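A note on names: the letters A, B, ... follow the listed sequences, proteins ahead of strands, and every chain is numbered from 1. As the structure is a prediction and not an experimental result, all values here were calculated from the model.
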Amino acid sequence: AQSVTQLGSHVSVSEGALVLLRCNYSSSVPPYLFWYVQYPNQGLQLLLKYTTGATLVKGINGFEAEFKKSETSFHLTKPSAHMSDAAEYFCAVSEGNFGNEKLTFGTGTRLTIIP
Amino acid sequence: EAGVTQFPSHSVIEKGQTVTLRCDPISGHDNLYWYRRVMGKEIKFLLHFVKESKQDESGMPNNRFLAERTGGTYSTLKVQPAELEDSGVYFCASSRGGSLARYTFGSGTRLTVV
């Protein structure tokens, strides 16, 4: 069975500071990993994904994440926070079995940006 | 292309009543998924349709929940009778077969049972 742990249900950073949201996973097979963002009153939007290949993945809005197999981690970073980054972020994993692509999510991290 | 559409966006019902949520996937997406987020907890998988067939319904909480997908197009999720613990946000997602990375989520339906 697969699982996702997101450390820190709430994270606050100052505008312009580094954003680091942590995600650790467990999976019995090579995982597919995702970060989604949910802005207030909106649906889930894909930020970035790792399937195979390069372990450093770049996404939208300046975010990136690095797949580290030895640490079973997929932490999300952004060098400089912007006020518009305030949202809830979800890490997710899938075993990527063809035809059964259900996602297992973490509990989410709410990011607050301090002016 | 139009996105995944869910309605209603909000629903408030009394305990014991029935509610039906609807999801219209992206045209041509054979795969349709339902997820639920209870307040403060993780988003949990409920079930997966491939066209009109239920591929995996291992996440359905109990027999008060009934999901259908008529003709492999839109899907409904009925809760009957609703209980307080059913409150949460219900998300629908769709994808083409084999394209895990192209999941598209709807905006969700916020269900409040009082």
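- Taking the six-membered ring for Trp and the full ring otherwise, the centers of A:Phe105 and A:Phe34 sit at least 6.0 Å from each other.
- Rounded to the nearest 0.5 Å, atoms CG (B:Leu32) and NZ (B:Lys54) are 12.0 Å apart.
- Between B:Tyr103 and B:Phe105, the distance from one ring center to the other falls under 6.0 angstrom.
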Verdict with reasoning, B:Thr104 to B:Ser94, per side-chain hydrogen bond (donor to acceptor under 3.5 Å, both in side chains): CA-CA 6 Å; B:Thr104 302; B:Ser94 71; 5.5 Å; no
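- Note that CG of B:Leu21 and CG of B:Leu111 are 6.0 Å apart. Values are rounded to the nearest 0.5 Å.
- In terms of non-hydrogen atom pairs under 4.5 Å with chain B, the most contact-rich of A:Gln45, A:Gln42, A:Glu88 is A:Glu88.
- No other option in B:Glu42, B:Lys41, B:Lys44 has as many heavy-atom pairs under 4.5 Å with chain A as B:Glu42.
- By a heavy-atom distance cut of under 4.5 Å, A:Gly106, A:Thr107 are the residues of residues 106-115 of chain A near chain B, going up by number.
- Annotation: A:Phe67 is not in aromatic contact with A:Phe74 [ring centroid separation under 6.0 Å not met].
- A cation-pi arrangement is absent between B:Arg36 and B:Phe91, since the terminal nitrogen or guanidinium carbon is not both under 6.0 Å from the aromatic centre and inside a 45° cone about the axis.
- Neither the backbone nor the side chain of B:Thr109 has a heavy atom closer than 4.5 Å to any heavy atom of chain A.
- Contacts of A:Gln6 with chain B are absent, with no heavy-atom separation under 4.5 Å from either backbone or side chain.
- Taken from CG in A:Leu7 to CG in A:Leu21, the straight-line distance is 10.5 Å, to the nearest 0.5 Å.
- Neither the backbone nor the side chain of B:Arg110 comes within less than 4.5 Å of any heavy atom in chain A.
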